[in-house]
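Everything on this sheet refers to the single structure shown next.
If you're wondering where the values come from, they're calculated on a predicted model, not measured in any experiment. Numbering of ligands and ligand atoms starts at 1, following listing order. All values below were derived from every heavy atom in this structure, side-chain atoms included, with hydrogens, water molecules and symmetry-related copies excluded.
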Amino acid sequence: MVRLICPVRGCGKPLEPAERALACENRHTFDIAKSGYVNLLQPQDRRSPNPGDSKEMVQARRRFVDRGHAALLAELLWQAIGDLGLPAGFSLLDAGCGEGYFPGIISSHFPEADIRGVDISVPAIDAAARKYPNVRWLVANADRFLPFVDGSFDVVMSITARKNSAEFRRIISPTGRLLVAVPGEDDQIELREAVLGKGVQKDRTESTLSHFADHFALEEEIALRYTAHLNAEGLSDLFALSYRGARRQATEQLARISRLDVTLSYRLFRFKVRT
Ligand SMILES: C[S@@+](CC[C@H](N)C(=O)[O-])C[C@H]1O[C@@H](n2cnc3c(N)ncnc32)[C@H](O)[C@@H]1O
Ligand SMILES: [Zn+2]
């Protein structure tokens, strides 16, 4: 069962539902926002006043997934989850869930499951909560502390997002699974060549495996690669959601391209807990 714990430093008591809020026995209270999420981010957990993806990046990601460009990755994920043969009421956390597309799709395939999403960006979680009310959404810093009791989850996933081996290990049940997707070497290669003047990016397999090696053992690795046929709007959204604070030169270069076929490429790793 998933249980929340109070994020106030030195507290760590269970958080229970209260009047339009969550509260612990030490009377630390966290309001439930109108859209339904709860912000558990503590002052020490943020490095800037508005951490994580900006509203513009969130809107670009939402438009991009709404055009269907992430549907194949979503399908790979829900099938990989179905293959685990978990009981219908299983629990899953998406760490760094963005505007919530993947947890949203997963909850539509597994309506009895307890699906949760955490992101450090308020605009991302607010957009997620408005669109997918069947998922529970929290603002928190996944690099520091995930506000859940030990062993809460059957599945934790991180989709081109945060990697926190020790915290993921703590909140996954001993028989649980970790799903991590990272961009492939040739992900967006055409866009990077056209706009940033460099092609292949470094292979993230080694660094991902070594990051999780202490706590997790690799069970399976799946490569997914497909082409997105993008017009100017699609390109501009993909660029905005991928490259924060891009240089003006790159933005000008992008404005000259009206269509481009862009490779989207991922590696999905499935880990079990190391015993
Ligand atoms: C590349 S996006 C991926 C979003 C989502 N998983 C998807 O694939 O659509 C990375 C996300 O991580 C979030 N993020 C960045 N730092 C974070 C942190 N320390 N804790 C939680 N989320 C974080 C960003 O706000 C952003 O939504
Ligand atoms: Zn407390």
Side-chain angles (χ1 to χ4, degrees), residues 3-16 18 21-30 37-42 44-48 50-74 76-77 92-106 115-128 131-132 135 137-149 156-164 167-168 179-183 187-188 204 224 237-244 264 266-268:
R3 299 201 63 195
L4 285 167
I5 48 186
C6 179
V8 171
R9 204 191 296 219
C11 181
K13 296 284 184 202
L15 279 180
E16 307 290 353
L22 299 175
C24 77
E25 64 182 49
N26 291 330
R27 300 198 185 170
H28 301 128
T29 302
F30 303 90
Y37 72 88
V38 180
N39 188 341
L40 294 183
L41 199 67
Q42 292 297 286
Q44 71 268 17
D45 291 338
R46 66 177 69 156
R47 274 159 297 164
S48 69
N50 298 303
D53 280 9
S54 64
K55 189 166 184 186
E56 290 67 36
M57 292 173 84
V58 168
Q59 288 169 342
R61 185 175 301 280
R62 171 67 57 84
R63 285 192 298 268
F64 194 76
V65 299
D66 279 353
R67 288 189 203 102
H69 296 308
L72 287 173
L73 179 55
L76 179 69
L77 287 170
L92 177 146
L93 175 71
D94 187 6
C97 60
E99 54 68 59
Y101 176 70
F102 296 112
I105 297 268
I106 291 166
I115 311 287
R116 314 257 176 157
V118 162
D119 201 284
I120 203 170
S121 155
V122 170
I125 288 293
D126 187 51
K131 182 150 183 185
Y132 306 105
V135 176
W137 305 100
L138 286 180
V139 179
N141 185 341
D143 288 347
R144 299 189 60 140
F145 169 65
L146 288 163
F148 302 98
V149 166
V156 171
M157 64 182 208
S158 162
I159 309 305
T160 64
R162 312 318 294 175
K163 301 189 188 80
N164 185 342
E167 267 301 84
F168 290 176
L179 298 173
V180 179
V182 299
D187 184 52
Q188 304 180 18
R204 291 186 169 90
L224 174 70
D237 284 340
L238 180 59
F239 193 69
L241 71 87
S242 307
Y243 304 99
R244 177 197 299 258
L264 297 180
Y266 304 93
R267 276 178 188 277
L268 177 67

Taking Q44's backbone N and O only, do any of them form a donor-acceptor pair with R144's side chain (distance below 3.5 Å, no angle check)? yes
Any N50 side-chain heavy atom under 4.5 Å of V122 side chain: no
Check whether any side-chain heavy atom of C6 sits under 4.5 Å from a side-chain heavy atom of N26, and report yes or no. no
Provide the number and element of each atom of ligand 1 under 4.0 Å from a heavy atom of N141. 18 (C), 19 (N), 20 (N)
H28: its N/O/S atom lying closest to the Zn ion (ligand 2) (atom name): ND1
Please check whether S121 reaches ligand 1 - meaning an N/O of the residue sits under 3.5 Å from an N/O of the ligand, judged on distance alone. no
Yes or no: does C97 have any heavy atom under 4.0 Å from an atom of ligand 1? yes
I159 heavy atoms within 4.0 Å reach ligand 1 at atoms 3 (C), 5 (C), 6 (N), 8 (O)
What I want to find out is whether K131 reaches D66 closely enough, with some N-O distance under 4.0 Å, to be called a salt bridge. yes
If you look at every heavy atom in K13 and C24, which pair is closest and at what distance? CB-CB, 4.0 Å
Any N or O of A142 closer than 3.5 Å to N or O of ligand 1: yes
Is there a side-chain contact (heavy atoms from CB on, under 4.5 Å) between F30 and L138 once you walk through the steps? CA-CA 11 Å; F30 303 90; L138 286 180; over 6 Å; no
For S121 and D53, indicate whether the former's side chain and the latter's backbone hold a donor-acceptor pair under 3.5 Å. yes
Examine distances only and state if a side-chain atom of D94 and a backbone atom of G117 form a donor-acceptor pair shorter than 3.5 Å. no
Heavy-atom contacts with I120 under 4.0 Å: which atoms of ligand 1 show up? List them by number with element. 14 (N), 15 (C), 16 (N), 17 (C), 18 (C), 19 (N), 20 (N), 21 (C), 22 (N), 23 (C)
Top protein contact for atom 10 (C) of ligand 1, by heavy-atom distance: T160 O, 3.9 Å
Check ligand 1 against A140 and write out every atom of the ligand that is under 4.0 Å from a heavy-atom position of the residue. 20 (N), 21 (C)
The option among A70, A161, G96, P103 carrying the non-hydrogen atom nearest to atom 6 (N) of ligand 1 is G96
Looking only at heavy atoms, the pair that brings L15 and P7 closest together is CD1-CD, 4.3 Å
Test your reading of the structure: does D53 have an N or O sitting under 3.5 Å from an N or O of ligand 1? yes
Would you say L93 and F168 make side-chain contact, with heavy atoms under 4.5 Å? no
Protein heavy-atom partner closest to atom 15 (C) of ligand 1 - residue, atom, separation in Å: R162 NH1, 3.5 Å
For the backbone of A127 and the side chain of E99, can you confirm whether one donor and one acceptor N or O come within less than 3.5 Å of each other? no
min-distance protein heavy atom vs atom 27 (O) of ligand 1 -> D119 OD2, 2.7 Å
Test of geometry: compute the angle SG(C11)-the Zn ion (ligand 2)-SG(C24) and round it to 10°. 110°
Going from CE on M57 to OH on Y243, what distance comes out if it is rounded to the nearest 0.5 angstrom? 11.0 Å
Location of contacts on F102 toward ligand 1, heavy atoms closer than 4.0 Å: side chain
Could you tell me whether V118 and ligand 1 have an N or O pair separated by under 3.5 Å? no
Closer than 3.5 angstrom, by distance alone: can the side chain of D237 be matched with the main-chain N or O of R63 as a donor-acceptor pair? no
For D143, the ligand 1 atoms with a heavy-atom partner under 4.0 Å come out as 19 (N)
To which protein heavy atom is atom 2 (S) of ligand 1 closest, and what is the distance rounded to 0.1 Å? R61 NH2, 3.2 Å
Whether P51 lies under 4.0 Å from ligand 1, heavy atom: no
Quick one: does ligand 1 sit under 4.0 Å from the side chain of R144, the backbone, both or neither, non-hydrogen atoms only? neither
Could you tell me which atoms of ligand 1, counted from 1 in the order shown, lie closer than 4.0 angstrom to a heavy atom of G52? 25 (O)
